[in-house]
Amino acid sequence: MIPELSNPSVCMRDPQRVEEILQSMVKAGSNTVQVIADFDMTLTRFAYKGKRCPTCHNILDNSNLISNECREELKVLLDTYYPIEIDSARSIAEKLPLMVEWWTKAHKILVQQKIRKDLLATAVRDSDAMLREGYQLLFDHLHEHSIPLLIFSAGIGDILEEVIRQAGVFHSNVKVFSNYMDFDESGLLKAFKGELIHIYNKREGALLNTGHFEELRTRPNVLLLGDSLGDLTMADGVQDMENILKIGFLNDKVEERKQSYLDSFDIVLVQDETLEVPNAIMLYLTGNK
Ligand SMILES: Nc1ccn([C@@H]2O[C@H](COP(=O)(O)O)[C@@H](O)[C@H]2O)c(=O)n1
Ligand SMILES: [Mg+2]
């Protein structure tokens with residue numbers, strides 16, 4: 001049906017079920033579809049030429065907006081908590097308080113640095129952050145077809161927006177739920193706004209934004225893109241959902257995590273740095289292929 005579903009990176013627990021969901025979505029029409037995507041390591045690359053690409057947080061960690069001492073502290077946190085984030089031997093319940101601990105400690109350190117708002121764009125420009133290959137087609141195609149794209153990220157909203165702005169794809173159909181920085185009147189970081197979003201409370205984040213999902217009530221068919229099992233709850237605010245197709249990028253610790261990803265996502269993309277498969281699905285749903 002979609003040749004890209006035979007790519008070597010594609011794994012599916014139940015290809016028949018994927019076909020049924022796609023057919024049902026095509027029948028309903030692309031004007032009933034919305035896309036909900038995670039950002040770090042989903043819309044952005046996990047690695048390029050063998051080197052890890054940064055998350056929103058890492059863009060700051062690696063920048064000169066923070067002191068060397070702070071960089072060291074953030075690195076210790078990353079080295080402590082990232083292995084926990086991807087540890088398949090621990091349950092989400094066990095990991096959740098540790099993830100809260102990670103985000104809380106990191107944000108506290110960042111706030112102490114009095115980061116300047118006007119320097120964020122330079123930090124992004126100087127970083128190694130990269131959207132996945134095929135991003136232009138995905139963003140532009142969704143925009144051309146007026147399909148809403150919600151980017152739901154436990155990263156840093158201000159950085160995320162800058163990444164997509166600099167890539168020229170922050171179109172009017174894009175909405176972002178994330179952790180936003182709060183600056184004082186002189187433009188120095190003083191706090192993070194609102195409720196913290198970490199990788200395991202996206203359901204709560206979604207339910208705090210019922211207004212957004214209410215507006216999209218006529219779009220009960222969802223294409224979900226994520227790289228963490230926590231991303232599976234990003235669509236929990238969608239009202240009267242009819243179909244959901246869940247695509248998961250499995251970037252790291254592939255063998256240990258493959259089975260749980262296959263059990264949870266409809267399509268698993270193993271170490272695939274491109275958006276080729278989501279794009280092929282998008283084109284199929286909009287009748288362009
Ligand atoms: N201090 C931190 C905290 C989290 N991260 C990474 O951010 C990712 C979350 O962002 P999403 O867009 O994927 O929701 C998460 O996977 C963490 O690894 C970080 O780098 N530093
Ligand atoms: Mg992610």
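Atoms within a ligand are numbered from 1 in the order they appear, just like the ligands themselves. Basis for what follows: all heavy atoms, side chains included, without hydrogens, waters or symmetry-related copies.
Atom CD1 of Ile159 is separated from atom OG of Ser63 by 7.5 Å, given to the nearest 0.5 angstrom.
Of the protein's non-hydrogen atoms, the one nearest atom 20 (O) of ligand 1 is Thr55 OG1, 2.7 Å. In terms of protein heavy-atom proximity, atom 12 (O) of ligand 1 is closest to Ser153 OG, 2.6 Å. Of all protein heavy atoms, the one lying nearest to atom 4 (C) of ligand 1 is Trp103 CZ2, 3.3 Å. Residue, atom and distance of the protein heavy atom nearest to atom 10 (O) of ligand 1 are Asp40 OD2, 2.9 Å.
Heavy-atom distances between Lys202 and ligand 1 reach below 4.0 Å in at least one pair. Using 4.0 Å as the threshold, Met41 has no heavy atom nearer than that to any atom of ligand 1.
Of all heavy-atom pairs spanning Ala235 and Val222, the tightest one is CB-CG1, 4.2 Å.
Residue Phe39 approaches ligand 1 through these ligand atoms, each under 4.0 Å from one of its heavy atoms: 12 (O). In summary, the atoms of ligand 1 found under 4.0 Å from a heavy atom of Ala106, numbered by their order in the structure, are 1 (N). Near His57, with a cut-off below 4.0 Å to any heavy atom, the atoms of ligand 1 are 1 (N), 2 (C), 3 (C), 4 (C), 5 (N), 19 (C), 20 (O), 21 (N). For ligand 1 and Glu85, the ligand atoms under 4.0 Å from any heavy atom of the residue are 15 (C), 16 (O), 17 (C), 18 (O).
Evaluated by nearest non-hydrogen atom to atom 13 (O) of ligand 1, the leading choice among Ile109, Asp38, Leu77 is Asp38. Selection from Phe152, Phe177, Trp102 by nearest heavy atom to atom 1 (N) of ligand 1 gives Trp102.
Around the Mg ion (ligand 2), the protein N, O or S atoms closer than 2.8 Å are Asp38 OD2, Asp40 O, Asp227 OD1, listed by chain and residue number.
Between Tyr81 and Trp102, the ring-plane angle classifies as parallel under the 30° and 60° cut-offs.
Between the side chains of Ser9 and Asp272, at least one donor N or O lies within less than 3.5 Å of an accepting N or O.
Taking a cutoff of 4.0 Å between a charged side-chain nitrogen and a carboxylate oxygen, Lys75 and Glu72 do not qualify as a salt bridge.
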